[in-house]
2 protein chains.
Amino acid sequence: MAIEHKTRTQLVAEAIREKILTGEIKAGDPLRQAALAAELNVSRIPVREALLQLEAEGLVNFEAHKGATATELSASQIDEIFDLRALLEAELLSHSIDGLTDQDLIDAELILTELESAMDAGDTHLATGDLNSRFHGKLYSRAQRPQTRELVDMYSKNSERYVRMHILLAGGLTTAPEEHRTLLNHCRAKDTKKACDFLKKHILGAKNDIKKLLLKIEDEKR
Amino acid sequence: MAIEHKTRTQLVAEAIREKILTGEIKAGDPLRQAALAAELNVSRIPVREALLQLEAEGLVNFEAHKGATATELSASQIDEIFDLRALLEAELLSHSIDGLTDQDLIDAELILTELESAMDAGDTHLATGDLNSRFHGKLYSRAQRPQTRELVDMYSKNSERYVRMHILLAGGLTTAPEEHRTLLNHCRAKDTKKACDFLKKHILGAKNDIKKLLLKIEDEKR
DNA sequence: ACATTGCATTTAGCATACATTATACTCAAG
DNA sequence: CTTGAGTATAATGTATGCTAAATGCAATGT
């Protein structure tokens, strides 16, 4: 295994992405190239290139001569993104479900139990989001649709900070864990239609929770 | 109206994009930063940044320390991209169709007649692709789904060179113009289901044509 | 008091120069 | 003849510094 040589640009991109996802950089905040460069001990070039990458990921807005800002997602944008996720993830699942092996299903269940015990332990942040996306990822793993997968990953990354915010403010995921169990069972039964329909509902349900929260926050600003 | 100041990066990106779409740069070709910089009379910095943008658009692969190449789409990737397009464009249309005004429909029809006369005149290249995407764009114009729209635009840009290739080699679009008429009629009737189903078939039909061509080319390489 | 123009400051865009990595080639050893 | 280490070369990655655009502020005139 060759040691991998990460470029400064990649490291900087990771650093900034993390800052945005954790909320250290809030939506709308300007991202000054010089400040970031100084903070991370690099020149402005890798910072610029990292910002360009993050723009492609939808995490920052980059305006010529004006600078970059962390993207601010309005309630209507959240709406659209989750609709897209429902559409794309159902598509992925439909292509993956028949290829899922028994081992895959066991793995998925293991992740689920881990997720449940993490929630019982009151682990509201980090772990739950990660485990959640690992569970979904497992179910999509046999889809052989790399581009679709990439899209889905991008959008879930982008929604992550809002999910985290929601977990923080609402004190946990409101979407019950048994929803995941139900989904898993549909997959076990290889019932494509039921599984995909349920998945869509599952995602759209999460959307509504987050949207409510966001609308409340948008309101409070006035 | 303020004059718009295009940055060198943007200009370079447009130049390279055009080279790729017209086929001047063929799939798989390496893109040397220094050569492009010299050719376009800029330094390597804007070239690098342009290449990063093009990577986000899926036109270029950028590998650290190895350089950039024009992306090479295999038959299976074409397959996936067109599936995605069918899914996303149907989604867009479903959100747009009820909002389409009479004027929109007239505009769409005008574009169609223009397209038809261009094809009659034997204009195999440029115009047809552009008019085609303008027609589709018109139908989606009331969707109020900016992110979805952006995705769709990205993917049609990315497929464009293959469509052009197909037009060149097969001597024209095989998808008959009356398909567009049929689609337009469904939209006039505000028959969402029929319109979307037909649109999907329309896109998947184009997919199969192009895939056949691509498989033949891939075969001939052996 | 208000708008407007011009200047100063800040910040982004870009060119040049240097550092680092990957690759092709040479040459020696097995 | 093949293989492998080492070196040369060419390409990419990054730092530094200069240029140009945008923003804020002050001064001037109405």
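Protein chains get the first letters and strands the later ones, always in sequence-line order, with residue 1 at the start of each.
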**OP:** Return the value, rounded to whole Å, for the distance between atom NZ of A/K6 and atom P of C/dT21.
**Re:**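 My rounded result for the distance is 15 Å.
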Subject >> salt bridge (charged side-chain N to carboxylate O under 4.0 Å, His left out) contacts touching residues 50-69 of chain A (sequence neighbours left out) >> reply: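 Checked against salt bridge (charged side-chain N to carboxylate O under 4.0 Å, His left out) - neighbours excluded - the pairs reaching residues 50-69 of chain A are A/R17-A/E57.
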Subject >> Nucleic acid contacts - residues 33-58 of chain A versus DNA chain C, non-hydrogen atoms under 4.0 Å >> reply: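 Correct list: A/Q33, A/R44, A/I45, A/R48.
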Original post:
Of all nucleotides in DNA chain D with an atom under 4.0 Å from a non-hydrogen atom of chain B, which is the first and which the last going 5' to 3'?
Top reply: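 The contacted stretch runs from D/dA11 to D/dA21.
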Quick one: side chain to side chain contact (heavy atoms under 4.5 Å, CB included) partners of [X], sequence neighbours excluded?
| X | value |
| --- | --- |
| A/E49 | A/T9, A/I45, B/R48, B/L52 |
| A/K207 | A/D79, A/F82, A/D83, A/L204 |
| B/Q77 | A/Q147, B/L73, B/S74 |
| B/R149 | B/L92, B/Y140, B/D153 |

Original post:
Quick one: bend of the helix from C/dA1-D/dT30 to C/dG30-D/dC1 from 5 pairs per end, to 10°?
Top reply: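 Rounded to the nearest 10 degrees, the bend comes out at 20°.
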Original post:
Is a side-chain N or O of A/N158 found less than 3.5 angstrom from the main chain of A/Y155, in a donor-acceptor match?
Top reply: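 A pair under 3.5 Å: no.
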**OP:** Please check if the side chain of B/S96 supplies one atom and the backbone of B/L93 the other of a donor-acceptor pair under 3.5 Å.
**Re:**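 No; zero donor-acceptor contacts below 3.5 Å.
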**OP:** Walk me through it: do B/R164 and B/S159 pass the test side chain to side chain donor-acceptor pair (under 3.5 Å)?
**Re:** CA-CA 9 Å; B/R164 286 195 197 189; B/S159 335; over 6 Å; no
Tabulated below should be each protein N or O lying under 3.5 Å from an N or O of nucleotides 22-24 of chain C; please produce it.
none

Original post:
Residues in side chain to side chain donor-acceptor pair (under 3.5 Å) with A/E18, at least two apart?
Top reply: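 So A/E18 forms no side chain to side chain donor-acceptor pair (under 3.5 Å) with any residue.
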Original post:
For B/T9 and C/dC14, is the shortest distance between a side-chain N/O and OP1 or OP2 below 4.0 Å?
Top reply: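 Yes, B/T9 has a side-chain N/O under 4.0 Å of OP1/OP2 on C/dC14.
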Original post:
When rounded to the nearest 0.5 angstrom, what is the spacing between CG in A/L100 and CG in A/L105?
Top reply: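 Here the interatomic distance stands at 5.5 Å.
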Subject >> Under the ring pair (Phe, Tyr, Trp, His ring centres under 6.0 Å) test, residues paired with A/F135 that sit two or more places apart >> reply: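 Residues passing ring pair (Phe, Tyr, Trp, His ring centres under 6.0 Å) with A/F135: A/H180.
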Original post:
What pairs of residues pass the side chain to side chain donor-acceptor pair (under 3.5 Å) test when at least one of them lies in residues 37-47 of chain B, not counting sequence neighbours?
Top reply: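 Output for this query lists B/K19-B/E39, B/Q33-B/R44.
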Original post:
Hey, are A/K200 and A/E89 close enough for a salt bridge, meaning a charged N less than 4.0 Å from a carboxylate O?
Top reply: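 No, A/K200 and A/E89 are not salt-bridged.
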